[in-house]
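Just below is one structure, and these are the notes that go with it.
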Amino acid sequence: MMPISSMFWRIERRLLTANYGRLFVILLALGAGAAVSSALMNLQIDAKKRLTTEFRALGANVIVTPKPSNNAAPTLDQAVLSQLPREYEGRPVPAVGFLYVIGEVGKVGDSHLQPAVIAGSLGHGLMQVRPGRRTEYLANLESGPDACEVGAKAAAQLRVHAGDALQLHNQDQAASCKVFAVVSTGGPEDAQIFTNLKTAQSLAGLDGRLSLIQLSVAASPDSVKSFISSLEQHLPDASVSGIKQLAEAESRIYARITGLLTATVVLVLILTSLCVMAGMTNVAAERKNDVGLMKAIGGSVRRVVRLFLTEAILLGVGAGLVGSALGIAISIWLGKAVFGVAAEPRWIVYPVSVTLTVLVSIASAYPLRRLANIRPASVFRGEE
Amino acid sequence: MFLRLVADSFTRRPRRKILSMAALAMGMAVATAALSVSLEIGDRLATEFRSLGANLLVTPQADSLPLEIGGVDYRPANAGAYLPESDLGKLKTIFWRHNIMGFAPMMEVPVQAWSSASRGLSTPTVSGKAMLIGTWSQHSVSVPDGATYVTGIEKTNPWWHVEGNWFAENSDECVMGTELAKLWKVRVGDTVNVHASDETGWRVLKVTGILSTGGTEDNAVVAPLSIAQQLAGKPGQYRRLYISALTKPEDAFARKDPNTMTPVEYDKWYCSPYVSSIALQVSEVLRGTDVRVIRRVAEGEGNVLLRVRTLLWLVTIAALLAAALAVGASAAASVIERRTEIGLMKALGANSGLVGVLLAAEQLLLAFVGGGIGYALGIILARVLGERIFGFTPEPKLFVLLIILGLAAAVTLLGSAFPLRQASRYDPAPILRGE
């Protein structure tokens with residue numbers, strides 16, 4: 001390795017500042033490429049996270065059920081509920097255990113009872129696991145031990161409203177509850193009555209048992225998969241599965257978005273590289289004399305190549321540092337435009353984007369390679 | 001002379017021109033691809049999102065409360081109301097009939113079952129209990145206008161996977177849920193005997209596939225609707241209907257109550273493919289039904305669709321912007337390189353205007369040729385991207401070509417305008433001296 005002298009840097013500085021117009025144009029092209037690609041990369045990471053949240057509006061995506069057996073209606077131990085992780089990847093995991101009982105229901109005072117599904121629930125985040133709109137809601141009744149929530153269709157059929165009392169029967173067991181809300185989901189929940197878990201358990205005569213547990217895990221499809229397999233090991237007596245309907249639609253959409261953004265980033269980088277290359281061809285033509293002179297006074301080819309390589313790297317680093325930072329700043333604003341929430345800057349994007357810009361800049365210095373083969377004598381004679 | 005100058009500048013130093021042309025063509029190719037993909041993707045994207053499954057649920061209006069847990073109705077066959085299967089062809093006659101992507105009726109019958117393949121349940125006296133779900137796999141529905149339409153559960157529940165084959169319609173076949181098959185040790189090709197009540201007797205069904213859905217159906221037997229109807233003693237009837245419809249995401253207008261709309265508003269609402277207006281149209285042709293929007297699917301889908309569509313346009317704009325900047329930059333570079341030439345022209349008596357017009361003409365020529373090549377390349381690129389990422393091929397559009405040529409011209413001129421203005425102010429003497 002030859003020592004890098006101060007002369008080297010002096011020449012370098014001259015090379016860079018020889019033509020301000022061109023320097024500006026090359027930096028602009030590289031910087032724009034860096035900005036667009038870093039903005040898109042950042043948005044790509046953010047889009048996944050945002051869409052994950054968006055998809056959680058669809059309700060539970062992981063379900064814990066008893067292991068299948070010949071028993072007609074297998075149940076889970078209620079203790080499983082407390083063994084579930086409260087958080088995953090830094091986000092809370094809403095989990096609600098349900099016990100379903102098919103009983104007979106009617107308004108207190110009505111002699112006619114109708115069969116209906118009574119769903120006893122226990123856990124945190126019922127509204128996340130079972131999203132819906134509460135058309136009637138009396139908050140002061142919610143915390144009572146005999147509070148219950150009625151699905152819209154069941155409420156219409158039973159002619160009950162928030163504040164009314166319901167009687168619940170199953171074989172020889174009976175209970176009553178006070179309706180605190182009417183909920184509309186558009187799903188089968190519209191025909192169900194949601195009570196406290198204890199009420200359903202005593203109606204069914206199944207103390208401490210659950211039919212299933214629903215969880216809403218806000219994570220990408222792959223990381224939900226690893227959540228499921230780790231939970232499965234943790235709970236040997238239960239089977240844990242993802243809701244395929246959501247998982248498949250989600251991963252399909254992610255694949256599309258990732259493909260689209262990656263393709264755009266690659267295209268933009270190729271584009272940048274072509275533009276810079278066009279500029280560099282002119283640079284090569286202009287520097288024939290300089291290189292001829294350098295070689296004539298004893299500069300080795302290696303040294304000359306190193307000079308130009310350093311120039312390309314400097315350009316790449318300069319444009320990359322500024323452009324990528326700008327790109328990330330832009331993506332924060334773009335995130336707001338697309339998802340209504342400012343995108344979080346991911347710091348991993350910055351070094352990746354700067355490195356890509358430097359690589360593009362080195363690749364675009366390809367036309368300078370011709371300079372290495374210049375023969376000083378012919379240049380000075382004006383032949384080349 | 002003017003033309004000769006322009007022509008000369010292209011033929012004398014082809015290498016330089018080729019590279020700036022390549023940059024321009026590439027930029028315009030990216031712009032073309034981005035535009036063609038996003039112009040055509042709108043509807044296809046919505047189709048893509050139908051992978052979430054049915055968004056409308058039809059049930060009888062005068063019905064007892066469904067005892068539905070995890071997608072299976074536990075009501076006995078003689079409770080509750082049923083709907084006639086023969087009406088279903090009318091679904092393809094509503095205003096938005098082309099937006100009905102598929103539909104499938106369903107009926108559950110609790111059955112006792114035994115299979116000779118399963119050791120534990122090998123005789124009719126030792127049988128297991130299961131739910132038999134009757135539905136369509138590939139059913140041809142005759143539409144009142146004479147056509148037939150083939151649809152089934154695969155359209156409404158695309159996440160249901162069958163290992164083996166779906167049962168054939170109108171045959172004694174079934175698919176078995178994966179958990180149940182594991183429990184009973186039943187494999188594809190085995191037979192299973194089912195029995196619902198003494199009046200209808202036993203049916204022998206051949207298992208053609210193993211179904212995995214990740215839901216309650218994994219513990220059920222899924223058979224043709226006709227078999228479920230016979231077992232339940234309800235020929236030609238069904239209990240629930242799932243419809244998958246292509247809809248427009250709901251906006252503020254769609255959330256208005258149709259009853260409070262003015263006639264003009266109502267017509268507009270009725271003729272927009274909102275999920276609520278399609279629900280109304282369905283209930284108009286299927287009398288005595290209650291059509292409900294499966295809110296979580298409809299709303300979740302609408303939100304995600306809206307986001308992805310914005311994202312797509314944003315990427316398009318970003319690609320256009322990058323292309324414009326790149327092309328502008330290379331146009332600027334090519335003018336900067338020609339200071340000496342400009343100096344010489346001025347020394348020979350050309351005024352600034354003439355120099356500007358000459359260079360502008362050159363750039364425009366470059367823009368049109370490069371833009372044209374870029375458009376051709378972009379169409380190929382759009383095809384590759386469209387097929388790889390979204391599974392469709394965008395058609396070339398003339399109007400995209402016009403936009404691209406206009407954009408190319410505007411961007412090259414803009415890119416060269418600034419250096420050209422500087423060039424027109426050059427004093428020829430120092431330039432020619434090489435200063």
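Quick caveat, the model's predicted, so the values are computed rather than measured.
Both the backbone and the side chain of Leu271(A) come within less than 4.5 Å of a heavy atom in chain B. For Leu30(A), no part lies near chain B; criterion is any non-hydrogen pair under 4.5 Å. Of the atoms belonging to Thr59(B), it is side-chain heavy atoms, and not backbone ones, that fall under 4.5 Å from chain A. Interface residue Leu314(B): only side-chain heavy atoms are found under 4.5 Å from chain A.
Taking a 6.0 Å sphere around CH2 of Trp313(B), one finds it holds more than 12 heavy atoms contributed by other residues, nucleotides or ligands.
A search for side-chain contact (heavy atoms from CB on, under 4.5 Å) contacts involving Leu267(A) returns Met26(B), Val30(B), Leu381(B), Leu385(B), not counting sequence neighbours. Evaluation of the salt bridge (charged side-chain N to carboxylate O under 4.0 Å, His left out) rule for Asp218(B) yields no partner, not counting sequence neighbours.
To the nearest 0.5 Å, the span separating CZ on Arg292(B) from OG1 on Thr185(A) amounts to 7.5 Å. Distance check, rounded to the nearest 0.5 Å: NZ of Lys67(A) to CG of Leu183(B) gives 13.0 Å.
Ranked by non-hydrogen atom pairs under 4.5 Å with chain B, the options Ile330(A), Ile102(A), Leu40(A) are led by Ile102(A). Between chain A and the residues Leu24(B), Leu57(B), Thr213(B), Val293(B), the most heavy-atom pairs under 4.5 angstrom are made by Thr213(B). Most heavy-atom pairs under 4.5 Å with chain B, from the set Val276(A), Val36(A), Leu260(A), Thr65(A): that is Leu260(A).
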